[in-house]
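Residue numbering restarts at 1 for every chain, and letters A, B, ... go by the order of the sequence lines.
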Amino acid sequence: MRLSRYYLPTLKEAPADAEVISHRLMTRAGMIRKLTAGVYNYLPYGWKAIRKVEEIVRREMDRAGSLELRLPAVQPADLWIESGRWEHYGKELLRFKDRHERDCCLGPTHEEVITDMVRGEVRSYRQLPLSMYQMQTKFRDEIRPRFGLMRGREFIMKDAYTFDRDDAGADESYRGMFEAYKRVFSRLALEFRAVEADSGSIGGSFSHEFMVLAQTGEDTIVSCTGCTYAANVERAQLPPVLDRDETEPPAVEEVFTPAQHTVEELAIFLSVEAGDIAKTLLFNVDGRPVAVLVRGDREVNEIKVKNLLNAENVRLALPEEVTQWSGAGVGFAGPVGLKVDTILADFELDARRGWITGANKDDAHLKNVCLHRDVKNVRFADLRTAVDGDLCPVCQSTLKAMRGIEVGHVFKLGTKYSQSLNAVFLDEAGKEQLMIMGCYGIGVTRVVAACIEQNHDTDGIIFPPPMAPFEVFLLNLDPKDQAVNAKAEELHDFLESSGLDVLMDDREERPGVKFKDADLCGAPMQLVLGGKSLAKGIVEAKDRRTGEKRELPLDRFAEAFEAWKKEVYAGWKMDV
RNA sequence: CGGAGCGUAGCGCAGCUUGGUAGCGCGCCUGCUUUGGGAGCAGGAUGUCGCAGGUUCAAAUCCUGUCGCUCCGACCA
């Protein structure tokens with residue numbers, strides 16, 4: 001491809017509203033343009049990257065035995081009413097009426113549609129298992145779209161669905177997809193972790209998220225330094241403490257702490273560490289008060305509270321509720337004498353006996369509180385959000401926290417949809433059974449954004465070869481010079497015929513402009529040919545990732561290039 | 001949903017307080033010079049100042065409404 005015939009509008013400056021690096025670089029490199037909030041045009045250069053990702057995903061899905069199909073974007077409300085999600089999905093589901101006043105929606109996901117299709121055709125266990133996938137534009141009307149392609153309203157997703165006759169089969173389907181996902185992200189040369197994720201409200205099921213590691217990630221995950229355990233912090237389990245200081249403190253003592261509402265204020269006021277304070281949070285759990293105690297420097301994980309109590313709704317108590325339940329204003333609740341039936345304490349508070357807590361009385365706290373001695377109905381459990389340095393629940397090694405971008409999610413659904421939509425089949429005994437389902441998503445457009453978040457420098461994007469729209473940028477520095485031009489054309493044709501995507505910069509621009517654009521657009525390999533290099537009988541080769549330069553002799557170009565390419569590719573951790 | 005901010009040339013912005021008929025940088029077009037890390041000079045094109053009302057002799061500027069976009073927040077005591 002010749003740049004003079006291509007559409008690659010690059011920008012020196014990014015639009016003011018682009019906050020994150022991938023958004024800025026994708027805009028500057030002529031990959032995307034915003035049409036409206038959270039909705040983007042994919043320009044040829046951006047689309048080509050998306051296509052490369054799609055192609056790898058497609059190969060691995062096919063290899064895993066899944067069948068590609070294509071479902072509609074517009075869906076009838078009836079199905080969503082039937083599954084119960086017309087009510088529950090919320091405003092992210094974009095709804096509208098057609099000319100006959102029929103309720104419709106734009107598909108944010110396709111469980112309903114595919115389950116409807118399968119239930120209409122599949123009658124016998126002989127037709128199972130089934131695995132199908134599609135790549136398609138989804139629409140989710142996010143409250144606040146942001147970060148360019150990272151959280152758009154319209155985006156491309158690969159979604160797959162499996163239908164099995166029994167639990168064992170469903171687990172196998174799940175494992176197959178899990179492995180396929182690992183291959184996809186490995187082949188894309190992304191640094192990622194597959195982590196345990198919260199399975200939400202669907203009991204008995206499990207799920208994993210695939211996280212691309214990047215400082216700018218919205219999620220925090222923990223990964224064990226000693227074993228393979230890795231989990232989203234929302235989910236990461238923490239073990240009970242092993243080292244206990246059983247020294248019994250002196251009797252509880254009330255201290256005057258005027259207007260010390262927060263842990264930070266209180267710690268300074270009493271000259272102690274936040275970790276010496278046990279904070280008491282009151283929650284409204286399905287309408288009932290529940291007290292949760294964690295160390296002052298920790299955070300309660302509401303999901304754990306919800307799961308532990310098998311609750312539907314967990315929310316922090318309103319100020320009025322706090323006053324009603326604790327007898328004091330916000331900031332002074334404590335476990336001693338608290339008239340709340342359920343008092344939970346994080347495992348960590350079992351590590352020693354003396355804690356500072358609220359006194360259930362305005363402007364007062366208690367010292368030397370021993371939960372075992374001074375509180376009758378306290379129950380210890382894993383209740384807080386994991387942090388860097390916590391111990392692994394599996395092997396007790398240290399957990400390391402890192403930021404990640406969720407690019408894939410595999411989910412064992414069980415019978416959630418087959419039940420609500422009545423997707424059944426007859427087993428060998430002629431008995432009607434519910435299909436066991438799984439669903440699996442990859443945010444294709446987000447993968448591209450996440451890749452750029454992970455692979456860039458101050459000059460621009462650094463594409464890993466598998467995702468690069470063009471593996472090679474060939475800079476023809478003197479397109480007006482007959483000899484240079486002829487040689488550049490020859491190199492271009494040779495590289496293209498060897499199966500590479502090549503973009504030759506044949507514009508009549510100054511060299512500096514070409515260097516800047518090449519770095520910005522991030523092809524992993526740059527070749528530079530100008531009057532000087534031609535006179536020396538070489539072409540200059542630059543590894544975009546390392547910046548390392550090499551001179552390739554023109555008379556032995558084919559083999560020299562092949563050797564260099566191998567070197568460049570070896571720098572990327574690509575499992576193929 | 002609550003709060004804040006911004007809409008002026010393709011992009012980044014100034015002008016608005018104190019009304020007088022629109023400017024800067026980059027980009028774009030033409031010419032000459034230049035040519036290995038975002039060139040120089042000269043000339044040129046491009047704006048219903050988001051939209052709709054209002055005030056005024058006169059509105060980018062003041063007022064009202066409206067639309068769009070962006071950011072922050074949605075309660076960890």
Side-chain angles (χ1 to χ4, degrees), chain A residues 9-20 23-24 27-28 30 33-39 90-91 143-148 153 257 259-267 274 277-284 291-302 305 314-323 325-326 328-334 346 356-360 362-363 365 383-385 458-460 475-481 484 505 507-521 526-536 538-540 542 547 549:
Chain A
T10 56
L11 299 172
K12 279 192 193 175
E13 289 175 286
D17 57 21
E19 291 282 312
V20 298
H23 187 193
R24 298 178 65 84
T27 303
R28 287 189 54 209
R33 288 290 183 266
K34 184 170 74 181
L35 180 63
T36 182
V39 179
K91 291 198 174 158
I143 318 172
R144 183 139 86 89
R146 52 184 135 183
F147 308 148
R153 292 195 296 168
T257 53
Q260 304 299 308
H261 296 274
T262 68
V263 167
E264 293 75 28
E265 288 166 358
L266 185 63
I277 298 166
K279 66 180 172 188
T280 306
L281 272 51
L282 291 169
F283 284 90
N284 181 319
V292 180
L293 280 73
V294 293
R295 243 171 63 175
D297 55 345
R298 306 302 196 197
E299 298 203 342
V300 171
N301 185 329
E302 289 184 23
V305 175
V314 173
R315 65 163 173 81
L316 208 58
L318 303 170
E320 307 89 78
E321 292 170 327
V322 171
T323 308
W325 293 334
S326 76
V330 169
F332 298 100
D346 183 65
I356 294 164
T357 74
N360 297 320
D362 284 339
D363 300 336
H365 282 81
L383 296 166
R384 68 185 174 89
T385 299
T458 51
D459 292 320
L475 310 193
N476 177 352
L477 297 188
D478 296 301
K480 279 194 201 151
D481 181 311
V484 173
D505 192 344
R507 293 175 301 175
E508 292 191 7
E509 285 287 352
R510 294 168 60 84
V513 173
K514 301 187 180 187
F515 289 129
K516 287 290 182 190
D517 273 345
D519 286 347
L520 174 63
C521 295
Q526 284 177 22
L527 294 177
V528 182
L529 186 73
K532 291 182 187 173
S533 42
L534 185 62
K536 276 172 76 178
I538 56 111
V539 58
E540 195 172 285
K542 179 172 129 180
K549 289 178 184 165

(request) Write down the distance between NE2 (His23(A)) and C1' (C69(B)), rounded to a whole number of angstrom. (result) 12 Å

(message) Between Thr36(A) and C69(B), is there a contact of a side-chain N or O with OP1 or OP2 at under 4.0 Å?
(response) yes

(message) Is it the case that the side chains of Gln260(A) and Asp363(A) hold a donor-acceptor pair, with the cut-off being a distance below 3.5 Å and no angle test?
(response) no

(request) Please tell me which of the listed nucleotides, U35(B), G37(B), A77(B), lies nearest to the side chain of Arg510(A)? (result) U35(B)

(message) Is it the case that the side chains of Asn360(A) and Ser326(A) hold a donor-acceptor pair, with the cut-off being a distance below 3.5 Å and no angle test?
(response) no

(message) Checking contacts here: which listed nucleotide (C69(B), A77(B), G37(B)) is nearest the side-chain heavy atoms of Lys34(A)?
(response) C69(B)

With 3.5 Å as the limit, what N/O pairs link the protein to nucleotides 72-76 of chain B?
{"unit_1": "C72(B)", "atom_1": "OP2", "unit_2": "Arg144(A)", "atom_2": "NH1", "d": "2.6"}
{"unit_1": "C72(B)", "atom_1": "OP2", "unit_2": "Arg144(A)", "atom_2": "NH2", "d": "2.8"}
{"unit_1": "C76(B)", "atom_1": "O2", "unit_2": "Val300(A)", "atom_2": "N", "d": "3.3"}
{"unit_1": "C76(B)", "atom_1": "N3", "unit_2": "Val300(A)", "atom_2": "O", "d": "3.2"}
{"unit_1": "C76(B)", "atom_1": "N4", "unit_2": "Val300(A)", "atom_2": "O", "d": "3.3"}

(request) Using the P atoms only, state how far G10(B) lies from C16(B), rounded to an integer number of Å. (result) 23 Å

Atom pairs under 3.5 Å: protein N/O with N/O of nucleotides 27-31 of chain B:
none

(message) Taking C28(B) as the reference, what is the distance to U70(B) when you measure between their P atoms (whole Å, please)?
(response) 28 Å

Hey, what are the protein-to-nucleotides 4-13 of chain B N/O distances that come in under 3.5 Å?
{"unit_1": "G12(B)", "atom_1": "OP1", "unit_2": "Ala16(A)", "atom_2": "N", "d": "3.0"}
{"unit_1": "G12(B)", "atom_1": "O2'", "unit_2": "Glu13(A)", "atom_2": "OE2", "d": "3.3"}

(request) Counting Watson-Crick and G-U wobble pairs only, both distances under 3.5 Å, name the nucleotide matched with A42(B), or none. (result) U30(B)

